[in-house]
Each structure stands twice: as structure tokens, then as C-alpha cells.
Visitor: 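Quick one: the structure is below, and I'll ask about it shortly.
Below, chains carry the letters A, B, ... as their sequence lines are ordered, and counting in each starts from 1.
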Protein chains: 2
Amino acid sequence: MDMNHALDALAALGQKTRLEVFRLLVKAGTDGMHAGEIAEALNVRQNTMSANLAVLLRAGLVRNEREGRTIRYVADMEGIRGLLAFLMEDCCGGNPQMCQPVLDALACEC
Amino acid sequence: MDMNHALDALAALGQKTRLEVFRLLVKAGTDGMHAGEIAEALNVRQNTMSANLAVLLRAGLVRNEREGRTIRYVADMEGIRGLLAFLMEDCCGGNPQMCQPVLDALACEC
DNA sequence: GATTCATATCCATAAATCTTGATATATCGA
DNA sequence: TCGATATATCAAGATTTATGGATATGAATC
């Protein structure tokens, strides 16, 4: 993950509809959702959603796969992983206690 | 952390200068840096940097503290913690294996 | 209190972004 | 092949955002 890639990802998430899409897909898990389902769930017009999905795709935050007439979108956990790693790079240099709370944030029930 | 707060933070980080500032401050650790030092380090004009620091401040990603004539800025790890938690909310619902790579991303040497 | 230093605010312009109607592409079923 | 369905692309208008010059504020020093 380089600076430009991270910027694409952060800018992609810094917009309401796209952040909602990403969170929806994170919750949807490995099954993801069809493009149409996403648009309907968030009450956004088809072409607007398509444009927003394209932004998330370019940013590496979601993947997609055609299934007949529909297209399934899935959160790309590898993409978000790279982003978080980039954000916290060198966080521990000299101050271990500084970033501990951040690590705890993701301590879910996995 | 609610949606609007998360949007502020992500939009703040989705801009080159501000992302560089945040990473610089993460690396600087608990000591942080003076506003002028930051501007000089990143080769950005004083008033532009001041505006960008104000955005990061409003987004809860940095804190500041006046020290005589200068003002020290420090990364707000609690702010970034809340943001990451919001992004990954409910990530494990039914698919523990899905988010494990994300957790591993932050496994630094703390 | 005048001057200097560090930072913030105001304002105008330029650039980027979002949304949307219209339309194109791709797939399926008849 | 034709029509229907699902999604993507195009182009334009509206809104937002970033930058930088000028200036204001706040704090130290003399």
C-alpha cells in the first residue's frame, strides 16, 4: 500500500453513501450483496450507486463478480487490512503504550 | 463514533497533506510536533497547513496544546481507535475468518 | 507598549467531486 | 432475434474543497 492507494481508499470512504456501502458489505460478510440489492437497501439511484461502487472498486475496498445478469460485490478485507497497516505504520516507535488502544479496538470475538 | 464523525475523519484523511500530517504525528508519538515544524517538514505554506490542521482537529484525529508562542499537535489515538472500530463494526457476524487478516494488520511489536 | 514570532482566519479563485437524466452494454428467456 | 432485466458509462450542472495572499490574534522579548 503506497500513499496514493491509501488516499484513494480514504477518499472513497469519506463519502456518506460509499461508507454506508462498505459497512453494509462488511456486515454482509463473505456472501456480499448484488449491486441492485445494495442500491435498494440504501435507497440510492441505480446509476449513482454504480458510480460509487466503481470508486470503491478502484480503491481496492470491494471486489465484484458477475453472476449472470447481476453482479455481486464483497468487501475486500485484504484492502482494508493494507489501509489500516499503512495508517498505523511505525506507530510503536518508542511509545508502545500509545497505540495499544488502537489494537484493542479490533479485538472482536473472532 | 457515529456516521457523521466517521465521515469527517475519513474525509480528513482522504487528502494528501492531511494524511501525511497524520502519519508524521503517528510516527512522532506522544511528543507530537509544533505546527511550524509540521509545515516545514512537509513543505507546505503556513496558512495552508493551519487550515489542514484545523480539519484534522475537528475530525478528532489530532489534539493540540499551546506552548507559549507555539502550538503542539499530537495524534489522537483514541480518535483513530474509534474510527477503526466503526469501520469494522459487526465484521465477525458469522464469518470469523473474514476479518482475521485485518486484525493481524495491527499486530505490531507493542 | 512596540516589535517580533507563531499561528489562525478571511476571502476569492481554481479544481475536484457528486448527482442525475439519458443512453449503452451485457445477460437471460421466449 | 426480440424484449426484459441488471448494471455501467457519458455529459453537464451544482456543490464542495483546496490553496494562497492578506491580515488578524496571541504570546514573548526588549
Visitor: Could you state the NZ-C1' distance from A:Lys16 to D:dT16, rounded to the nearest angstrom?
Guide: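 It is 16 Å, rounded to the nearest whole Å.
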
Visitor: What's the verdict on side-chain contact (heavy atoms from CB on, under 4.5 Å) for A:Gln15 and A:Asn52, showing C-alpha distance, side-chain angles and the deciding distance?
Guide: CA-CA 9 Å; A:Gln15 200 269 347; A:Asn52 281 319; 4.0 Å; yes

Visitor: Which parts of residues 59-74 of chain A get close to DNA chain D, meaning a heavy atom less than 4.0 angstrom away?
Guide: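 Nucleic-acid contacts, sorted: A:Arg69, A:Thr70, A:Ile71, A:Tyr73.
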
Visitor: Report the distance from atom CZ of B:Arg45 to atom P of D:dG20, rounded to the nearest whole Å.
Guide: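 Distance, rounded to whole Å: 5 Å.
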
Visitor: Rounded to the nearest Å, what distance is computed from the CD atom of residue B:Gln46 to the C1' atom of nucleotide D:dT19?
Guide: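 Taking atom C1' of D:dT19 as the reference, CD of B:Gln46 is at 13 Å.
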
Visitor: Using the heavy-atom set of chain B and a strict 4.0 Å cut-off, write down the first and last nucleotide of DNA chain C that makes it in, 5' to 3'.
Guide: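 Answer, 5' to 3': C:dT4 to C:dT9.
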
Visitor: Taking the nucleotide of DNA chain C with the nearest heavy atom to each, does B:Leu57 or A:Gly14 sit closer to the 5' end?
Guide: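 Checking each residue's closest nucleotide, the 5'-ward one belongs to B:Leu57.
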
Visitor: Show the nearest heavy-atom pair for residues B:His5 and B:Ala59, with the distance to one decimal.
Guide: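 So the two residues come closest at NE2-O, 3.4 Å.
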
Visitor: Which sits closer to the 5' end of DNA chain D, B:Val55 or A:Met49, going by the nucleotide each is nearest to?
Guide: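 The residue whose closest nucleotide sits nearer the 5' end is A:Met49.
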
Visitor: Indicate if A:Leu87 and B:Met33 have the same hydrophobic cluster label, given that clusters are the connected sets of ILVMFWY residues with side-chain heavy-atom separations under 4.5 angstrom.
Guide: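 Per the 4.5 Å side-chain linkage, A:Leu87 and B:Met33 are co-clustered.
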
Visitor: If you take all heavy atoms of B:Leu42 and B:Val21, which pair is closest and at what distance?
Guide: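 That would be CD1-CG2, 3.5 Å.
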
Visitor: Got A:Leu19 and B:Met3 here, is their nearest side-chain heavy-atom distance under 4.5 Å?
Guide: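 Answer yes - side chains close enough.
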
Visitor: Compare every heavy atom of A:Gly14 with every heavy atom of B:Leu7, then report the nearest pair and how far apart it is.
Guide: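 For B:Leu7 versus A:Gly14, the nearest heavy atoms are CD2-C, 3.8 Å.
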
Visitor: Can you measure B:Leu53 atom CG to D:dT19 atom P for me and round it to whole angstrom units?
Guide: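 My rounded result for the distance is 12 Å.
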
Visitor: Is it true that the NZ or CZ of B:Arg23 lies under 6.0 Å from the centre of A:Phe86's six-membered ring and within 45 degrees of the ring axis?
Guide: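 Satisfied, under 6.0 Å and within 45°.
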
Visitor: Whole Å only: how far is the CG atom of B:Leu7 from the P atom of D:dT16?
Guide: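 Whole-Å distance recorded here is 14 Å.
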
Visitor: Of the options A:Met49, A:Arg72, A:Glu20, which is the one that meets A:Ile38 in a side-chain contact (heavy atoms from CB on, under 4.5 Å)?
Guide: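 The side-chain contact (heavy atoms from CB on, under 4.5 Å) with A:Ile38 is passed solely by A:Met49 among A:Met49, A:Arg72, A:Glu20.
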
